[in-house]
2 protein chains.
Amino acid sequence: MPQAMKWWGWGLEGIEFTHEDKPQLAGFIRERIGLDITTATAKPARFEDLGVPEPTLPEALGDALRAAVGAEHVSVDPLDRVIHARGKSIRDLIRTRRADLPRVPDAVLRPGTEDEVAAVLAAALEHDAVVIPFGGGSSISGSIEPPAEETRPVLSVDMSRLDRVLAIDPASRLARVQAGVYGPELEQQLGAQGFTMGHFPDSFTHSTLGGWIATRSSGMQSDRYGDVADITKGLRVVTPTGTLVVQPNPTMSTGPSIREMVLGSEGRLGIITEATVQVRRLPAERTILGYLFPTFAAGLAAMEEIAASEYTPSVTRVSDAPETQFSFATRKASTLLDTVQSKALQLFLKKRKGYDLEQMCLSFIGYEGSPEHVKAQRKGVGRIVGRHGGLCIGASPGVLYDQKKFDTPYIRDFLLDRGAAADVSETAMPWSKLQAVHTAVTAAGHGAFAQLGVQGYLMCHLSHSYHAGACLYFTFAFPPSPGGDMLAEYDVVKQAIQQAFVDNGATLSHHHAVGTEHAQWLQEDISAPGVRLLGALFDGTDPGRNLNPGKIV
Amino acid sequence: MPQAMKWWGWGLEGIEFTHEDKPQLAGFIRERIGLDITTATAKPARFEDLGVPEPTLPEALGDALRAAVGAEHVSVDPLDRVIHARGKSIRDLIRTRRADLPRVPDAVLRPGTEDEVAAVLAAALEHDAVVIPFGGGSSISGSIEPPAEETRPVLSVDMSRLDRVLAIDPASRLARVQAGVYGPELEQQLGAQGFTMGHFPDSFTHSTLGGWIATRSSGMQSDRYGDVADITKGLRVVTPTGTLVVQPNPTMSTGPSIREMVLGSEGRLGIITEATVQVRRLPAERTILGYLFPTFAAGLAAMEEIAASEYTPSVTRVSDAPETQFSFATRKASTLLDTVQSKALQLFLKKRKGYDLEQMCLSFIGYEGSPEHVKAQRKGVGRIVGRHGGLCIGASPGVLYDQKKFDTPYIRDFLLDRGAAADVSETAMPWSKLQAVHTAVTAAGHGAFAQLGVQGYLMCHLSHSYHAGACLYFTFAFPPSPGGDMLAEYDVVKQAIQQAFVDNGATLSHHHAVGTEHAQWLQEDISAPGVRLLGALFDGTDPGRNLNPGKIV
């Protein structure tokens, strides 16, 4: 079973972000947000100071749960309950550091079979308890936190014992997989048989298949493999009225899509126990190349042309100028050769290509498949990149990106230790709106910084492309104003960015889900009748509001 | 505005199927199902013998409807009402021929704007009338027919005045389109600006965008363009609580998908007035090539390998041996050269390729894009075809297929005139099940023919491919037993085929929807909890059951 994440932060105990091997980073951060990162000034609360309340688990419910999953899989341990109390948004990290835990689950259950999941749900409904499914706990949308005011017993159902690939149908390239499997374990089991699901979200190492489905997750190779909504073909879900079964047929004309109701349902319709997912043969070749563009607009235009073209890269990513500069600042201590190459490159870009280095943007484009396919794609995409003033800088930046892609979330704890807040907001929109949304969100973020009187940083990259549009992924960081409340100031910035999304016709989230964090924008995104459709679905399925209440709507 | 279809059959008055230019057809049909098609023996009822009941339209409702859309767009004309009374399934055609019309809409309304649609719905709800949206009337699943026992006023809302492409966003390749536009008019308007939606179902000439969305339609080039569920990005739907708006963002993580609730909703959630659809630039080159395979199994294996490959044809289709023989029998009078070529080809196939001509299967594979893309795809797909013993027979069969692809439905009326019933049933499943489903359905169909004591014909083709599975499309025909009731005997055959689908894990329908015709298999397909999710959605949205009641569940 995978190790649980730190109760107080992202990832595993003993793994932390450090600036010490990145010679330019401290100077860059001091210059851009006025923060000294060379010494930690703040620390999380100590666990013993949290004051974890005693669990409220009526005896009859406790008996029923022990009968359901076995006594050894019913945990009331305070650390276990705190780990299962919330996700890892910056709001969660700040509050946990402050020992602000108004409602902790009363028990953590670890069923080992679908029947045990059903028995847990039956016991919960019989005793009017609240049930919250728990995958890896990586949510940054508040999707797994009990409502503060909940007075009924709250049960966190940790799915991590359901961690097996049950069967692979090689002719159909479909794998039946239990929902509690973590990303690395899933890919390891598929890879042993020559397949991959190709789903690699930033949270990959600490999130599960069931969590991806329940939140409509998207991985960094979605251009080729699809979002989890595309990858998921069949489903088994324990609901209050029995096990819902969606058969893994490629498509069907059977009324409104049940499959697409479970996707994104965040535990409100039941507990996902199994999915049949589309897999692909491991590619013979896989490469991610680095590119530079003179401006973000040029990079976006190139990505749009690639999306419209006959080429099908696995990754399309382009950072804006602030994110490009941040990427360069996080480079590790370089060899003399690197420096020379880099200076030569800068000279070439300025003199021969006419780049303004302040506006330059870093891009990654990935290719997968047979050697001839990869070669043809690289060539065709290269021509498009060239037409937009772009330049291939080879495979080594891509190798680096590929290696450190799952480490990014650790930086938030590092910054919190140094008194600054950082988080992300992402959205999707048609190609024609990308530039305007980027401009509006950048203005909204900096407007919020100005309003707060803080020195903030806001950066962005295009992270997923579709024929008709793309995802923009924003990251922001700031040290709070003197005497300011970090959480309140975070809210000002987050509000400004999210409001700019919906005001410009972009969605409230491309792949981070609604939870409680984004619920206030739901009606502006999907319209009031859309919210009522969700209400009809949830109320009709769960009239007692036992299934992860308060999420989405 | 497009011309309405015949009240008694498929397509336009004056267009009919004929055997006279197909020298082998009469002999083939006589041999295979014992039917003489050289003379018509049966005719539909005369319109004046239908006994169309007087409409029941309370004065207050009539006033409200005339205020909503203008008096000239409220029709109580008997012919208009009969045309809007049902679709074009073989059940519909048989009953209409028999003057069996238990419930005809009381009025046909033709709103010209979304506001008028909203006014119609408001009037209907206020006066407790039933509202049934009407696109082209091509449904073969009973989706647009009022329940026979409905005592409230029934209103058919004909959307054909909402027939415009409103705007094209060329950078995002998205078109805002009114829902009532027919296929040819839609493609003409898009084509004038250099785009295509690429959606060409068999019903294309007589169906609308709104109808495609409401039934989860699929077109014959879906391998490249996607099903209508993929193509539809944004939506506007008039619902009882206002206009539902789904924004055309490429994907979103906003809870269960509202978009995918409207898709396939068959009027039960409201009336679709507009969609924003993905379009593509018209391809520089477009070709459909004919291929032969030694057996259906070989053809299926080739299609599976193509689906798993890096090649992306626009059409993949392979007929089983019975359908191949039927296709050859419908060839028009051939020139001497054709005959010679054909004999030479047959000799080549038998002697050099070892084909058993009775088992041989005809296939079409389509390619679109730039000349170099098409060339590379043809070459790569050709290699796969060759590995499975297949053979390219050039472009002329494909040209023929492309020309006559929308004419097939006319044959049902031709056969009814000659005393035989013919209809279709289609399904989808993972690749690993295709062969077993084909075998089981073929056995079930022939079992039904034997049970009835009729000489029936059953044939099939693979019509749409996906990475993880495909659609099988079955066509069957038989003359009823002496003294037998055609409709009752149709039910025996249809039941046997559909039951074989769900018994073998295939879906009840890939793209023909549920309506009333397939509702009995819904629970076996999507499971009882799935049916309850749909019930929650419909009951919560439409507690008075005014929106096309009785469909789907």
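Residue numbering restarts at 1 for every chain, and letters A, B, ... go by the order of the sequence lines.
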- Please assess A:E304 against B:R173 for the test side chain to side chain contact (heavy atoms under 4.5 Å, CB included), listing each intermediate value before the final yes or no. CA-CA 10 Å; A:E304 189 244 293; B:R173 297 164 292 276; 2.8 Å; yes
- Item | Verdict with supporting geometry, B:E426 and A:S253, side chain to side chain contact (heavy atoms under 4.5 Å, CB included) | CA-CA 10 Å; B:E426 37 73 65; A:S253 179; 6.0 Å; no
- Is there a side chain to side chain contact (heavy atoms under 4.5 Å, CB included) between A:L534 and B:M261 once you walk through the steps? CA-CA 10 Å; A:L534 295 184; B:M261 293 180 195; 3.8 Å; yes
- Item | Audit row: A:R216, B:S257, side chain to side chain contact (heavy atoms under 4.5 Å, CB included) steps and yes/no | CA-CA 10 Å; A:R216 295 185 168 269; B:S257 171; 3.2 Å; yes
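Neither the backbone nor the side chain of A:A301 comes within contact range of chain B; no heavy atoms are under 4.5 Å apart. For B:A506, the part sitting under 4.5 Å from any heavy atom of chain A is the backbone (N, CA, C, O) and nothing else. Looking at A:L522, only its side chain comes within 4.5 Å of chain B, counting heavy atoms on both sides. If you measure heavy-atom distances from A:I552 to chain B, the contacts under 4.5 Å come from the side chain alone. Proximity to chain A involves both the backbone and the side chain of B:A468, based on heavy atoms less than 4.5 angstrom apart. Using a 4.5 Å cut-off between heavy atoms, B:T239 contacts chain A through its side chain alone, with no backbone atom that close.
Chosen from B:G469, B:G530, B:G255, the residue pairing most often with chain A at heavy-atom distances under 4.5 Å is B:G255. The candidate from A:T312, A:L174, A:T254, A:L263 with the greatest count of non-hydrogen atom pairs under 4.5 Å with chain B is A:T254. Of all the listed residues (A:Q247, A:R281, A:K551), the one sharing the greatest number of non-hydrogen pairs under 4.5 Å with chain B is A:Q247. With chain A as the partner, the residue from B:V514, B:L244, B:V246 showing the most heavy-atom pairs under 4.5 Å is B:L244. Most heavy-atom pairs under 4.5 Å with chain B: of the set A:T427, A:T541, A:L537, this distinction falls to A:L537. The candidate from A:R532, A:E310, A:H464 with the greatest count of non-hydrogen atom pairs under 4.5 Å with chain B is A:E310. Heavy-atom pairs under 4.5 Å with chain B were tallied for A:A513, A:G264, A:P256, A:A307; the largest tally goes to A:P256. Contacts with chain A were tallied for B:V553, B:V245, B:V531; B:V245 has the most, counting heavy-atom pairs under 4.5 Å. With respect to chain A, the highest number of heavy-atom pairs below 4.5 Å among B:H467, B:H510, B:H511 belongs to B:H467. When each of A:G540, A:S265, A:A308, A:G242 is checked for heavy-atom pairs under 4.5 Å with chain B, A:A308 comes out on top. Taking chain A as the reference chain and counting heavy-atom pairs below 4.5 Å, the highest number among B:D525, B:V279, B:L508 is found for B:D525. If you tally non-hydrogen atom pairs under 4.5 Å between each of B:V262, B:T243, B:T276, B:L269 and chain A, the highest count goes to B:T243.
A distance-only check finds a donor-acceptor pair linking the side chain of B:N249 to the backbone of A:G505 [under 3.5 Å].
Between A:T251 and B:S218 the shortest side-chain heavy-atom distance does not fall below 4.5 Å.
Closest heavy-atom contact between A:P430 and B:P248: CG-O, 3.6 Å. Taking each heavy atom of B:S432 and A:S172 in turn, the nearest pair found is N-OG, 2.8 Å.
With rounding to the nearest 0.5 Å, the separation of CD1 in B:I526 from CD1 in A:I258 is 4.0 Å.
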